[in-house]
Every structure is written in structure tokens, then in C-alpha cells.
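All remarks here apply to the structure that follows.
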Amino acid sequence: MVPQKQAEEAIVSRSNSTLKDELEQDVDGKGEDEEAAHGFSMKSFLWHGGSAWDAWFSCASNQVAQVLLTLPYSFSQLGMLSGIILQLFYGFMGSWTAYLISVLYIEYRSRKEKENVSFKNHVIQWFEVLDGLLGPYWKAAGLAFNCTFLLFGSVIQLIACASNIYYINDRLDKRTWTYIFGACCATTVFVPSFHNYRIWSFLGLGMTTYTAWYLTIAAVVHGQVEGVTHSGPTKLVLYFTGATNILYTFGGHAITVEIMHAMWKPQKFKYIYLIATVYVFTLTLPSAAAVYWAFGDQLLNHSNAFSLLPSSGWRDAAVILMLIHQFITFGFACTPLYFVWEKVIGMHDTQSICLRALARLPVVIPIWFLAIIFPFFGPINSAVGALLVSFTVYIIPAMAHMLTYRTPSARQNAAEKPPFFLPSWTAMYAVNAFVVGWVLVVGFGLGGWASVTNFVRQVDTFGLFAKCYQCPKPQPPPAPAPQTRHY
């Protein structure tokens, strides 16, 4: 389009301040102003999102998915005090690295638009930001860690679906339910991008809000079980397994760049993740604390909080809502993988939704297969947190920020200056160095040792391809009554 080309050519002569304004335009050429000019449209209302609110709903909805059900299990490993402190600590640390990712995205896009690069029909991803700012080796590291994390993040959603539905209908084993939900989740190939998750993000957050407060109220109403004990922490391996599950909880910003790119004004994202995290605290802290208070050490053998709460209509509603939300979160985790695969096979700029959906299907197959091999709901979260999340969303963003702005000229020409609450580059370097050191030693080192040890123990106990992980053993049939002989 002529107006679009003229706008792109004009970027070359603009200053950094003008470029910042340019970043507030939607990559598809449709901003808030244009949408408002066309009046209300039900299709836009439900399908085409890009506001700061859409980004907030996406971040909050994605962050608090099935892990909500495993946090009481983590509290039983950590103890009440450590569980609360680590949630707050990793929540704010995750918000900091999400902020760093948003700053690096703005920096990358500003530099590219100075070079007159157009992103029409192209979704910027994290590995491309690393490539543009730091080179091919960083691109390879970002691509490897991010894709592997999102792959197993999708696997976890499938495992969670099977684990949850079993508490409503146990006529089928969990492995069979995994087959069924794998087919259902494959329909996410038809959702083009994060623009199109507007209504789903809103509904997803509503569903997890209901579930979180159901867990809280149901646990309080149920009261403490007879002889309840709260002995955690008792073993280092359990303590660091629980800690890395919380690290995983607040490491959902592997899709930050894709969410930003879907925004009409990406610069508004900077503090959105922090605000989303604060809301998530209102869901995770009360529910985990209440369930742990009620059931104590019983949670050590029940990684899904639903398994200990009595069957009721309220619980069934929570299970169904979580199933729908896990379907949405599967789409969140898989969509960046779809983008990567489309770019590999040259289908990323294809306009046909059906052709793109067909091209995306091979991505779902290995996810389906891995969910059947490793059905360990709970322990797999900690292993993914320690080995993948620690690098993907903590270490790599902090190191990338330090290296991008290591020279005086880079700091002077930065598209985004240090935030108002930390206005010194030196202070930012100190915080980033702390994040790298802490997560490398505690998250990856100790957390990796503990979570892998626990994961191997689950494999030894239940085996690969477990048909029904942590299902109650069937009761043996009653012995036949002895026959009385009459003479």
C-alpha cells in the first residue's frame, strides 16, 4: 500500500523520539484510532485485541494456569513461611526480567525501523531480538531454550487436562484422557496470533479466579483433617523441588515478545507484567496457604489439589473451568512454536488460515507423545522450571540486557532509559548480576539437582507411559463367602 510505504520510508529521517511514536502503531496497520473510526464491531471486540488491557489479561491468564493446582503441593515441600516468601520473591524477580525483555524488544525494533525494516505480516520473536542485538550465538541459545520450554509447557497443559478430568470421570484412565485432550488442543492451530486471544484471555482469567477462590473457600469450609501435620521442610531435595515449581510459576513470560508485538502500543507493556503478577498473588497465596493449612503433609503424595477436596458441584465446576483454561494456555504456549515452524518452512506470511493451520499440525504431534511418556503432574513442573525456565526467562534476559548496554554509546542512545524507580545504569547492572547469580546457583544448580532427583524417582515408581499416574489403587473384589457343606 502506498501510504504504508511512505510511512516506512519516512522512518529513516526520524529521530529516536519520533521512532518511539512509530512503535505505537500496530504492525498490521490497524491501531486503536483506526478501529474507533470504523465504529463498534463484534468481530473486533471478540477477535482482534491489541490494547494494554488485552496484554494484561494475556499475561495474568497465562501466568496462573494449572500451576495453581500444584502450589499447595509445593507448600507441603517448603513449609508455609518459605512458600509465601518465595512466591513474593520470584514474582517480583519475574516481573523485573519481563521488564528487561520489553526494553530489549523496544531497542531491537527501534534499530530495525531506523533501517527501514517493515514487520508487516511478521511476528517478532525473542530469538530474533537476541540475534539483532547480540548476534547468532545468542539467537541459537534463545531459540533452543525458548522452544524447549514452550514445548514442555504445552506438554504440562495436556498432562493437567487428563489429571483434572479424571476427578469428574474416572471411567477412563488418565492416559486415555491425554489422547482425547491432545486432539482437542490441536484445534489451536486455527488461531492466527495473540491478537486473536482477546476473548479467550478474558475468560481464562475469570476461570482461574473462580478456581483459586473455590480452593480457598472449600479448604477453609472443610477444615483441617484429623491429625493434620505441617512438617515441611523436611528434606533438601523436597525443599528445592518446591522452590523451583514456584520459579516455574512466575516464569510464564517466555511469550512476552509475542504479546508485545500484538499490542497497538508496545511501549505501554513495561509495567503490565508487574501489575498482572500483583493480581496473580491474590489468587495463588490464599489458595495455596488454605489448602496446605487444611491437609498438611497429605499433599506430599497429592500433587493436584483437586484430589483431596470432596466431590461436589462446586468442585466439578472448577475442574471444567480449569480444563477450558488449560486449552487456552496450551494455545498460548504453542503459538510461538507455530510461528517458529512457519518461518522454518516458509509459511509465516501466508494469509490463508487453513493453510497455516495445516502447516502447524506437525508441532502438536511431539507434544502429544511427550505428554503420554511423562505423565508426572507436579514433578515435571519443577524439572522444567530448573532446567529451562531458569535460563529462558531469568538468566538470558538479564545477561542480554547487560551486554546490549555495556558501552557508553549504547547507553546514551538507548531507546529506553533506566526506570524511574532505579534511575542508574550501575544499579540495573547490580540487580541483573544478582538475578543471574541467584538463579544460576539456586534455581538451576540446587533446583536442578532436586527436581531431577524427584523426577527420576517418579519414573522409577510409576514407569514411563504410566497409564494412570497417582490414581487410587482399585479395591480388590470381596472374597467369596465360604461354602457350607451339608451332609
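Because only heavy atoms are used, hydrogens play no part in the values below, and waters and symmetry mates are left out as well, while side chains stay in. These numbers come from a predicted model, not from an experiment.
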What I'd like to find out is whether the side chain of Leu387 reaches to under 4.5 Å of the side chain of Phe149, using heavy atoms alone. no
For Phe269 and Cys59: C-alpha separation, side-chain torsions, deciding distance, then whether side chain to side chain contact (heavy atoms under 4.5 Å, CB included) applies. CA-CA 10 Å; Phe269 184 87; Cys59 290; 3.6 Å; yes
Please lay out, stage by stage, how His261 and Phe194 fare under the test side chain to side chain contact (heavy atoms under 4.5 Å, CB included). CA-CA 9 Å; His261 194 77; Phe194 284 98; over 6 Å; no
Let me see the working for Thr188 and Phe327 under side chain to side chain contact (heavy atoms under 4.5 Å, CB included), right down to the final yes or no. CA-CA 8 Å; Thr188 58; Phe327 166 81; 3.9 Å; yes
Minimum heavy-atom distance between Leu321 and Met207, given as atom pair plus value: O-SD, 3.5 Å
Could Lys343 and Glu128 be called an ion pair, given the rule that one side-chain N must be under 4.0 Å from one carboxylate O? yes
Got a sec, which residues hit ring-ring contact (aromatic ring centres under 6.0 Å, His included) with Phe250, two or more places apart in sequence or on another chain? Phe281
Just verifying a value: how many Å separate Ser451 OG and Leu446 CG, rounded to the nearest 0.5 Å? 10.5 Å
Where at least one partner belongs to residues 354-375, residue pairs that pass side-chain hydrogen bond (donor to acceptor under 3.5 Å, both in side chains), sequence neighbours excluded: Glu342-Arg356, Glu342-Arg360
Using 0.5 Å steps for rounding, measure from the NE2 atom of His325 to the CG atom of Leu68. 9.5 Å
From Trp200 CH2 over to Ile324 CD1, what is the distance, rounded to the nearest 0.5 angstrom? 8.0 Å
If we only count heavy atoms from C-beta on, is the Trp177 to Ile180 side-chain gap below 4.5 Å? yes
Ring geometry between Phe145 and Phe391 (parallel below 30°, tilted from 30 to 60°, perpendicular above 60°): parallel
Any side-chain heavy atom of Val340 within less than 4.5 Å of one from Asn146? no
Going from CD on Gln77 to CG on Leu300, what distance comes out if it is rounded to the nearest 0.5 angstrom? 6.5 Å
Any idea which heavy atoms bring Asn245 and Ser74 closest together, and the distance? ND2-OG, 2.6 Å
Could you check whether Gln87 and Thr284, counting side-chain N and O atoms only, form a donor-acceptor pair closer than 3.5 Å? yes
Using a cut-off of 6.0 Å, state whether more than 12 heavy atoms not belonging to Trp341 lie near its atom CH2. no
Nearest 0.5 Å, please: how far is OH in Tyr248 from CG in Leu388? 10.0 Å
Taking all atoms of both residues into account, what is the closest heavy-atom pair of His195 and Gly50, and its distance? ND1-CA, 4.5 Å
So, do Leu104 and Tyr405 sit near enough that their side-chain heavy atoms are less than 4.5 Å apart? yes
Do Glu107 and Arg111 meet the salt-bridge criterion of a basic N to acidic O distance under 4.0 Å? yes
In terms of ring plane angle, is the pair Tyr271 and Tyr99 parallel, tilted or perpendicular, where the classes change at 30° and 60°? parallel
Angle between ring planes, Trp53 versus Trp56, binned at 30° and 60°: parallel, tilted or perpendicular? perpendicular
Taking all non-hydrogen atoms of both residues, which atom of Ala243 and which atom of Leu86 are closest, and how far apart? CB-CD1, 3.8 Å
Steps toward side chain to side chain contact (heavy atoms under 4.5 Å, CB included) verdict (Tyr279, Thr209): CA-CA 10 Å; Tyr279 179 78; Thr209 299; 2.7 Å; yes
Please work out which of the three classes, parallel, tilted or perpendicular, describes the rings of Phe332 and Tyr197, given edges at 30° and 60°. tilted
Side-chain heavy-atom pair Leu133, Trp138 within 4.5 angstrom cut-off: no
Leu440 vs Tyr394 side-chain heavy atoms within contact, under 4.5 Å: no
Given Ile156, Thr249, Thr208, the one that forms side chain to side chain contact (heavy atoms under 4.5 Å, CB included) with Val67: Thr249
Can you check whether Phe434 and Trp96 have ring centres sitting under 6.0 Å from each other? no
Scanning both residues in full, the closest heavy-atom pair of Leu158 with Ala371 reads CB-CB, 3.9 Å
Measuring from Gln157:CD to Ile328:CD1, what's the distance to the nearest 0.5 Å? 10.5 Å
Minimal heavy-atom distance between Leu215 and Ala305, with the atoms involved, is CD2-CB, 4.2 Å
